[in-house]
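Have a look at the structure below before the remarks.
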Amino acid sequence: MKKILLLFIILLMSAGLWAQSNGNYVYNFLSFNYSSRIAGLGSNLISVYDDDPSIIMTNPSLISQRHHSSLMMNFTNYFTGSNYASALYSHTFEKAGSFAFELRYVGYGKFSETDITGMEIGTFHASDLAATVGWGRELSPNFSIGANLKLIYCGYADYNSFGLAVDVAGTYHNEAKRLSLSLLVKNVGSELKPFTPGNFEKLPFDLQLAFSQRFAHLPVRYHITLHSLYKWNMAYTGKDNPLYTTDAITGEVQTPSKVANFFDNMFRHVVLGIEIIPVKYLSLYFAYNHNIHQEMKIPQRRTFAGFSYGFMINVRSIQFGYSRNHYAVGAVPNNFTFCLKIDEVCKLSQENKEKKLIRKQQQN
């Protein structure tokens, strides 16, 4: 156990060397939200110690015996002509530990292929694919660790790329206080074969911290997530920001004060969510992501950019989740999750057979 913990700490510390500032990335689909619950709670890391398998690939330190034999499928109706989906299965082996296997696919639709004169000569497709193996282990009743290994492939017409990435996470859980705290180092890796020879691009690295707690006497759990902790400045524009106004007399760009910039940057790192559990089998969730709101807002019109919401129904061995994320007017993806506990279904089936047999014997 000491060797495993030491290895985890080394990976966590060395991952900071991969941190990058603002810029363009390859494999951006790795940052998509495949779980409707995570999407509904702000589209970042969440820390919840329960048997919901839809969050374990985002937070591998939660992979455990609780998710054994879970089969899950996610689907998101993304923007025009684009959809993405994932399939996951979790299994606990007696000696090797708890694992999760996931396949992610993003389809961007069909495109027209043209020559240099603009004449259409055919069509092509563009898609992304990632196969992930996740592992988790409980080191104590309060602390667990986990990691993901991702094999990545992207194909856009005649261009393709292969890559490798790793996630490392740790979670502290206190059952008495009903709280959880998770730290995630996300997408540490590199292209193995870039789209163009010699042009190796950065992966969408991130460092996230998530905290959640359920109230003792209320059916409510709140979530606080901090993302992009490796950098301070979240804005990608300066004085050329089109939202800034210009003084009619001096011609100078009127920028916010240093205090306003400080608080804006601070809250851009924060995602706030709340989960209401009125009954055991139903949960409702709402969240606000200030960074998305700032990037997608329209000054001339109020929108719900940055807000998300959804629900999850969990009846015995079947789980269904749905959520929506607001980015802009007309840009509101729908996220669906369906999960099945295979061993529980088999157990219920066996119980029903036994009941039918007993009734038949009583009738005879």
Side-chain angles (χ1 to χ4, degrees), residues 1 4-5 7-12 15 18 27 29-39 43-74 84-106 128-139 143-153 163-173 180-189 203-210 225 319 321 337-343:
M1 183 178 295
I4 294 175
L5 184 58
L7 177 61
F8 170 78
I9 294 173
I10 292 173
L11 289 172
L12 196 62
W18 293 78
Y27 308 148
F29 78 102
L30 295 177
S31 298
F32 289 0
N33 304 290
Y34 296 82
S35 160
S36 63
R37 187 180 185 187
I38 290 178
S43 304
N44 280 282
L45 173 73
I46 64 173
S47 180
V48 182
Y49 208 76
D50 60 20
D51 59 356
D52 178 15
S54 69
I55 61 176
I56 60 178
M57 296 312 284
T58 300
N59 189 349
S61 62
L62 298 178
I63 301 174
S64 72
Q65 171 69 35
R66 300 186 306 276
H67 310 106
H68 175 70
S69 80
S70 294
L71 177 64
M72 183 191 70
M73 291 172 285
N74 298 302
Y84 60 85
S86 71
L88 176 147
Y89 177 73
S90 179
H91 194 92
T92 296
F93 300 93
E94 185 175 349
K95 295 182 178 180
S98 298
F99 290 83
F101 309 91
E102 184 187 48
L103 187 65
R104 296 181 176 184
Y105 173 79
V106 183
D128 297 323
L129 187 68
T132 304
V133 178
W135 167 84
R137 178 166 181 173
E138 294 183 354
L139 300 182
F143 187 66
S144 60
I145 60 174
N148 288 332
L149 176 63
K150 306 174 185 178
L151 301 176
I152 309 159
Y153 170 77
L164 188 68
V166 174
D167 301 335
V168 182
T171 292
Y172 168 78
H173 175 70
S180 294
L181 179 69
S182 294
L183 179 65
L184 170 69
V185 179
K186 185 177 180 180
N187 296 328
V188 179
L203 271 64
F205 172 89
D206 203 1
L207 179 61
Q208 299 181 2
L209 180 67
T225 301
Q319 176 183 308
T337 294
F338 178 80
C339 181
L340 194 66
K341 280 284 189 73
I342 296 177
D343 60 345

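Between Leu30 and Lys186, the closest heavy-atom pair is O-CE, 3.9 Å. Among all heavy-atom pairs drawn from Gly134 and Ile63, the shortest one is C-CD1, 3.6 Å. The nearest pair of heavy atoms linking Arg66 to Asp51 is O-CB, 4.0 Å. For Asp50 against Arg37, the heavy-atom pair with the smallest separation is OD2-NH1, 3.1 Å. Shortest non-hydrogen contact noted between Lys341 and His68 is CD-O, 3.8 Å. Across Ser98 and Gln65, no two heavy atoms sit closer than the pair OG-N, 3.4 Å.
The side-chain heavy atoms of Leu129 and Leu103, taken from C-beta on, include a pair separated by under 4.5 Å. Counting heavy atoms from C-beta outward, Leu181 and Phe143 have side chains that stay 4.5 Å or more apart. Here the side chains of Leu151 and Leu164 are in contact, with some heavy-atom distance below 4.5 Å. Using a 4.5 Å heavy-atom cutoff, the side chains of Ser64 and Glu138 are in contact. Contact check for Asn44 versus Thr58: no side-chain heavy atoms found under the 4.5 Å cut-off. With a 4.5 Å cut-off on side-chain heavy atoms, Ile56 and Glu102 do not count as touching.
The aromatic rings of Tyr34 and Phe32 lie tilted to each other, with the angle between the two planes from 30° to 60°. Ring geometry, Phe93 versus His91: the interplanar angle falls from 30° to 60°, so the pair is classed tilted.
Without hydrogens or angle criteria, Ser90 side chain to Phe99 main chain gives a donor-acceptor distance under 3.5 Å. Remark: side-chain polar atoms of Ser180 are not paired, donor with acceptor, to backbone N or O of Val48 under 3.5 angstrom. Asp128 places no side-chain N or O within donor-acceptor distance of the main-chain N or O of Val106, the cut-off being under 3.5 Å. For Thr225 (side chain) and Leu45 (main-chain N/O), a donor-acceptor pair under 3.5 Å exists by modelled atom type. Judged purely by atom type and a 3.5 angstrom limit, Asn148 uses its side chain to pair as donor or acceptor with the backbone of Met57.
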Dump the intermediate steps for side chain to side chain donor-acceptor pair (under 3.5 Å) on Ser35 and Asn74, then the final yes or no.
CA-CA 6 Å; Ser35 160; Asn74 298 302; 5.3 Å; no

Please walk me through it: do Val188 and Val168 pass side chain to side chain contact (heavy atoms under 4.5 Å, CB included)?
CA-CA 9 Å; Val188 179; Val168 182; over 6 Å; no

Ser43 and Asn33: side chain to side chain donor-acceptor pair (under 3.5 Å), yes or no, with the steps?
CA-CA 6 Å; Ser43 304; Asn33 304 290; 3.1 Å; yes

Intermediate values then yes/no, side chain to side chain donor-acceptor pair (under 3.5 Å), Asn59 and Ser182:
CA-CA 8 Å; Asn59 189 349; Ser182 294; 3.0 Å; yes

Stepwise side chain to side chain contact (heavy atoms under 4.5 Å, CB included) check, Gln319 with Ser70:
CA-CA 10 Å; Gln319 176 183 308; Ser70 294; over 6 Å; no

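Between the CH2 atom in Trp135 and the CZ atom in Phe101 there is a gap of 13.5 Å [rounded to 0.5 Å]. Here the CG-OG distance, from Leu184 to Ser61, works out to 8.0 Å after rounding to the nearest 0.5 Å. In this structure, Met73 CE and Ser86 OG are separated by 10.0 Å, a value rounded to the nearest 0.5 Å. How far CE of Met72 is from CD1 of Ile55: 10.0 Å, rounded to the nearest 0.5 Å. Distance CG/Asp52 to CD1/Ile46: 7.5 Å, rounded to 0.5 Å. Here Asn187 contributes atom CG and Leu203 contributes atom CG; the two are 6.0 Å apart, rounded to the nearest 0.5 Å.
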